[in-house]
Amino acid sequence: MAGSERDGTRATRSYDAVIVGGSLAGCAAATLLGRAGARVAVVEKSPDPAAFKRICSHFIQASAVPTLERLDLLEPMLDAGALRPRFNARVPWGWIAPPPERAARGVNLRRAKLDPLVRGLAASTPGVEVLLGQTVSALRRDAGAVTGVVAHDRDGVEAAFEAPLTIGADGRDSRIAELSGVEVKTYPHGRFAYGGYFEGAVPERAPDATVWMMDPDWAAAFPTDDGLVFYAVMPTHDRLPEFKPDPAAAVVDYFERLPEAPSLRAGRLAGPMLGKLDMTNRMRTPTAPGLALVGDAALATDPLFGVGCGWAFQSAEWLADSVAPALRGEEALDAGLRRYRRLHSRRLRGHARMIHDYSTGRKLQPPERLLFSGAARDPRVAAIFDAFGTRQIGPARMMATGVPLALLANARHALGRGRGPAARVGADLGKAA
Ligand SMILES: Cc1cc2nc3c(=O)[nH]c(=O)nc-3n(C[C@H](O)[C@H](O)[C@H](O)COP(=O)(O)OP(=O)(O)OC[C@H]3O[C@@H](n4cnc5c(N)ncnc54)[C@H](O)[C@@H]3O)c2cc1C
């Protein structure tokens with residue numbers, strides 16, 4: 001039950017759960033916990049209900065679509081102009097394009113529209129209060145467990161929020177994680193990102209998304225609402241001097257040199273060219289007594305694979321389902337937190353390991369070259385690659401089903417064409433085996 005009392009000079013409000021961060025993960029968790037009957041406070045530092053994350057290409061993977069449907073968000077997103085794109089990859093061996101009927105569809109809606117929608121959904125859920133303009137700066141603790149947070153508004157007025165469960169949904173630089181002292185592992189990131197919205201430069205495969213995995217550089221086109229396309233590049237750090245003086249011109253030039261890419265000169269940059277230079281991967285232990293982390297606060301991986309938004313929604317769902325029995329008084333909270341930690345690890349750890357390994361900026365290794373080339377040559381491998389890339393199957397299943405088929409595809413290609421690039425891939429296979 002929510003309540004209020006005086007604690008020294010400041011008011012203390014009581015809830016079943018207090019969530020720090022009113023973006024995708026925080027508002028999804030609040031909505032599902034509110035629907036499960038909990039009294040929830042979402043404490044968000046931005047005072048603006050229309051605030052949104054600026055640098056994000058917002059391609060939500062198909063793995064998260066069931067969560068969006070459960071939240072009743074998919075329809076409002078489509079009404080707001082969201083697209084349902086598949087994704088195609090241009091690799092050095094050609095195109096990876098699964099048969100359309102087997103390719104999963106994600107969702108793409110600009111964060112300028114998505115974030116206010118998600119926040120509005122939480123705010124309209126009975127039992128949920130969204131408190132804007134409150135920055136959390138401290139945790140409350142009792143006997144080793146987190147029991148809430150202390151926040152201050154823009155005038156410095158403090159407020160305390162207490163709850164048996166505190167949820168850190170405050171993004172990749174999570175202050176809640178830092179204050180709680182949970183273990184954090186970091187993995188280096190060897191690329192930088194620039195991206196911007198273009199009008200009038202439509203990629204050939206629109207409305208589907210296209211990524212160019214040019215080993216080791218990466219670029220992408222994400223068609224989104226209102227006829228805009230978010231074009232992004234992620235080259236390795238050594239190329240930063242080419243981009244820094246005039247990032248917009250450098251991105252346009254970059255696309256001119258990509259194989260089978262649209263010319264951005266045909267369009268117009270609609271808004272600023274956005275950049276992010278540090279994207280160190282962070283993986284944190286997602287629970288502690290009285291505390292859970294969701295979204296980027298728990299796992300902030302390389303944006304190159306476009307997984308963060310989907311996993312923000314999905315981790316919020318896993319947490320809400322895991323702790324709902326405890327918040328109804330049916331079991332101890334620790335049991336729910338253990339369930340969430342196991343689920344988070346089972347669903348994401350394998351993916352995260354592969355993402356972190358590639359994010360150094362290194363070139364593709366033989367097993368990856370095998371899979372990528374096989375997927376470009378055989379639609380069955382492409383379909384497996386697609387199921388993995390859209391995060392519907394994990395790495396173990398992808399390797400078990402994809403590698404034998406990729407070997408066959410490459411062997412057939414090598415036999416049919418003699419000693420061309422395929423034969424070189426065949427040599428790679430030998431090294432990988
Ligand atoms: C260049 C780039 C491109 C990307 N492209 C994609 C993509 O195509 N697809 C994809 O799925 N993901 C992408 N991502 C990742 C995605 O943006 C994040 O994974 C996602 O926003 C995580 O959502 P979240 O709710 O966990 O955190 P955030 O969206 O970061 O929200 C955190 C919230 O916490 C609030 N907050 C922070 N500190 C406090 C505090 N002390 N007190 C109160 N409130 C606080 C913030 O104001 C914010 O509202 C990209 C990221 C980058 C950098």
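Just follow the structure's listing: the first ligand is 1, and inside any ligand the first atom is 1.
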*asked:* Donor-acceptor check, side chain of Ser373 to backbone of Leu370, threshold 3.5 angstrom: yes or no?
replied: yes
*For the pair Asp296 and Arg282, find out whether any cationic side-chain nitrogen is under 4.0 Å from an anionic carboxylate oxygen.*
no
*Between His356 and Tyr187, how do the two ring planes meet: parallel, tilted or perpendicular, split at 30° and 60°?*
parallel
Are any protein N/O atoms closer than 3.5 Å to the N/O atoms of ligand 1? If there are, list each pair with names and the distance to one decimal place.
residue  : atom   : partner : partner atom : Å
ligand 1 : 5 (N)  : Ser57   : N            : 3.0
ligand 1 : 5 (N)  : Ser57   : OG           : 2.9
ligand 1 : 8 (O)  : Ser57   : OG           : 2.8
ligand 1 : 8 (O)  : His58   : N            : 3.2
ligand 1 : 8 (O)  : Phe59   : N            : 3.1
ligand 1 : 9 (N)  : Phe59   : N            : 3.4
ligand 1 : 9 (N)  : Phe59   : O            : 3.0
ligand 1 : 11 (O) : Phe59   : O            : 3.4
ligand 1 : 11 (O) : Gly306  : O            : 3.4
ligand 1 : 11 (O) : Gly308  : N            : 3.2
ligand 1 : 11 (O) : Cys309  : N            : 2.6
ligand 1 : 12 (N) : Gly308  : N            : 3.4
ligand 1 : 12 (N) : Cys309  : N            : 3.3
ligand 1 : 17 (O) : Lys53   : NZ           : 2.8
ligand 1 : 17 (O) : Arg111  : NH1          : 3.4
ligand 1 : 19 (O) : Asp296  : OD1          : 2.7
ligand 1 : 19 (O) : Asp296  : OD2          : 3.2
ligand 1 : 19 (O) : Gly308  : O            : 3.4
ligand 1 : 21 (O) : Arg111  : NH1          : 2.9
ligand 1 : 21 (O) : Arg111  : NH2          : 3.4
ligand 1 : 25 (O) : Leu24   : N            : 3.3
ligand 1 : 25 (O) : Ala25   : N            : 2.9
ligand 1 : 26 (O) : Asp296  : N            : 2.9
ligand 1 : 29 (O) : Ser23   : OG           : 2.7
ligand 1 : 29 (O) : Arg111  : NH2          : 3.1
ligand 1 : 31 (O) : Ser23   : OG           : 3.3
ligand 1 : 41 (N) : Val136  : O            : 3.1
ligand 1 : 42 (N) : Val136  : N            : 3.0
ligand 1 : 44 (N) : Lys45   : N            : 3.1
ligand 1 : 47 (O) : Glu44   : OE2          : 2.7
ligand 1 : 49 (O) : Glu44   : OE1          : 2.7
ligand 1 : 49 (O) : Glu44   : OE2          : 3.3

*Partners meeting side chain to side chain donor-acceptor pair (under 3.5 Å) with Glu256 (sequence neighbours left out)*: Ser263
*Is any side-chain N of the basic residue among Arg39 and Asp16 closer than 4.0 Å to the acidic one's carboxylate O?*
no
_Could you check whether Arg35 pairs with Asp72 (Lys NZ or Arg NE/NH1/NH2 to Asp/Glu carboxylate O, under 4.0 Å)?_
yes
